[in-house]
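First, the structure itself, so that you have it in front of you.
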Amino acid sequence: MISVEELKQNPIPEHVAIIMDGNGRWAKERGLERIEGHQKGATALRNVLQAALATGVKYLTVYAFSIENWQRPDNEVSALMTLFVNACSNELENLTKHHIRFHVIGNLDLLPQNCRQSLQETEIATQNNTALQLTVALSYGSRWEIVHAAKMLAKDIKNNLIDIESIDNQVFTKYLQTYPLPDPDLLIRTSKEVRISNFLLWQIAYTELYFTDIYWPDFTEQDFYAAIAEFQKRERRFGKIKELKKELKIEN
Ligand code: FPP
């Protein structure tokens, strides 16, 4: 058993991102409908939120529905939309009690109107909470996000709001959906898959990656603590050599 007190002896990641994968396989292996895997996945997320609060993680960003997921069968898509709407109304009390701010990123124009409205209402109701920010990526794809950012930037250039020579990493980052969040320190992916699947491609340039075989519905607080313990063993050099202290003016 890993204790929170033990973990707190070492640096806690400020921002943890999670690809919550394996709900479908979890359900199939038990002879259940896929949506039952997603429902169990929602419970796992609730538990991980508690663990994030306990350890002092400030930002938790989860991949709940990718742009590619729109290609799933209609009944699964609509059951997921209903799950998101219900989660908003059922979890508001919990979010408020624990001072969690709820935020959504992604191409929300593609969502059904009732779903968009529930999400927006939950964002507004929790906007002043500061214990932890939960960002849910819905109808999200990183390439879409980067292209969208490029379009917005191009518009600002066209309207003389920005000078091309002033564009650097920091300026570009402001056009991404995740702004002003810091980049994730740790990315967790469950369910044996070892890929990024179009999630936060820009933001994870120096993020520590952690893959586990556990299906998301089975992922517990202890599994979250194990990921943090592994993170604490890593040496983050951001491309530099540890001993070399010289400050170079090179953008990373
Ligand atoms: C990936 O598993 C999971 C999803 C596409 C949905 C994630 C949604 C939840 C965890 C529900 C809770 C979320 C919120 C924000 C309330 P998969 O279906 O791709 O699994 P598979 O790879 O085994 O088929």
Side-chain angles (χ1 to χ4, degrees), residues 16-52 59-96 98 100-108 110-112 114-123 125-126 132-142 177-178 187-200 211-221 223-224:
V16 178
I18 308 182
I19 301 176
M20 310 181 290
D21 194 17
N23 296 353
R25 278 163 287 164
W26 181 91
K28 194 173 169 204
E29 285 180 12
R30 286 161 180 76
L32 303 171
E33 296 293 325
R34 289 178 63 82
I35 189 61
E36 294 178 80
H38 298 315
Q39 282 158 351
K40 188 76 185 353
T43 306
L45 177 56
R46 196 180 303 125
N47 295 337
V48 165
L49 268 171
Q50 295 296 339
Y59 307 98
L60 190 73
T61 300
V62 297
Y63 206 5
F65 193 85
S66 71
I67 287 195
E68 291 74 26
N69 286 158
W70 287 114
Q71 291 160 30
R72 291 192 175 193
D74 288 349
N75 63 343
E76 183 174 349
V77 170
S78 75
L80 271 169
M81 295 301 137
T82 305
L83 178 67
F84 298 141
V85 171
N86 291 343
C88 283
S89 54
N90 297 339
E91 297 303 326
L92 181 58
E93 199 183 320
N94 222 359
L95 295 171
T96 308
H98 295 288
I100 298 171
R101 181 177 186 178
F102 176 85
H103 183 57
V104 199
I105 56 170
N107 187 352
L108 306 184
L110 303 179
L111 293 171
N114 70 324
C115 187
R116 211 165 46 230
Q117 193 176 331
S118 293
L119 295 164
Q120 225 165 35
E121 284 169 4
T122 311
E123 283 189 328
T126 62
L132 167 73
Q133 174 163 329
L134 169 66
T135 302
V136 178
L138 262 183
S139 185
Y140 173 89
S142 193
Q177 300 251 305
T178 45
L187 170 74
I188 299 170
R189 181 175 188 147
T190 58
S191 92
K192 295 193 183 95
E193 309 297 352
V194 187
R195 54 177 172 261
I196 302 300
S197 301
N198 203 12
F199 189 45
L200 305 177
F211 298 96
T212 168
D213 288 355
I214 301 165
Y215 290 146
W216 176 251
D218 285 333
F219 195 82
T220 63
E221 283 108 316
D223 297 318
F224 186 77

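Every heavy atom of this structure was used, including side-chain atoms; hydrogens, water molecules and symmetry mates were not. Read the numbers this way: they start at 1 and go in the same order the structure lists the ligands and their atoms.
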Show me, by chain and number, every protein residue that has a heavy-atom distance under 4.0 Å to ligand 1.
M20, D21, G22, N23, G24, R25, R34, H38, G41, A42, L45, A64, N69, R72, L83, F84, A87, V136, W216

Check whether any side-chain heavy atom of V104 lies under 4.5 Å from a side-chain heavy atom of Y140, and answer yes or no.
no

Between E76 and P73, is there a donor-acceptor pair closer than 3.5 Å when you use the side chain of the first and the backbone of the second?
no

Side chains of V194 and R189: does their closest heavy-atom pair fall under 4.5 Å?
no

Would you call D218 and R30 a salt bridge, using N to O less than 4.0 angstrom?
yes

Side chains of W70 and S139, donor plus acceptor under 3.5 Å:
yes

Evaluate the criterion side-chain contact (heavy atoms from CB on, under 4.5 Å) for residue pair I19 and L187; output intermediate values, then yes/no.
CA-CA 8 Å; I19 301 176; L187 170 74; 4.1 Å; yes

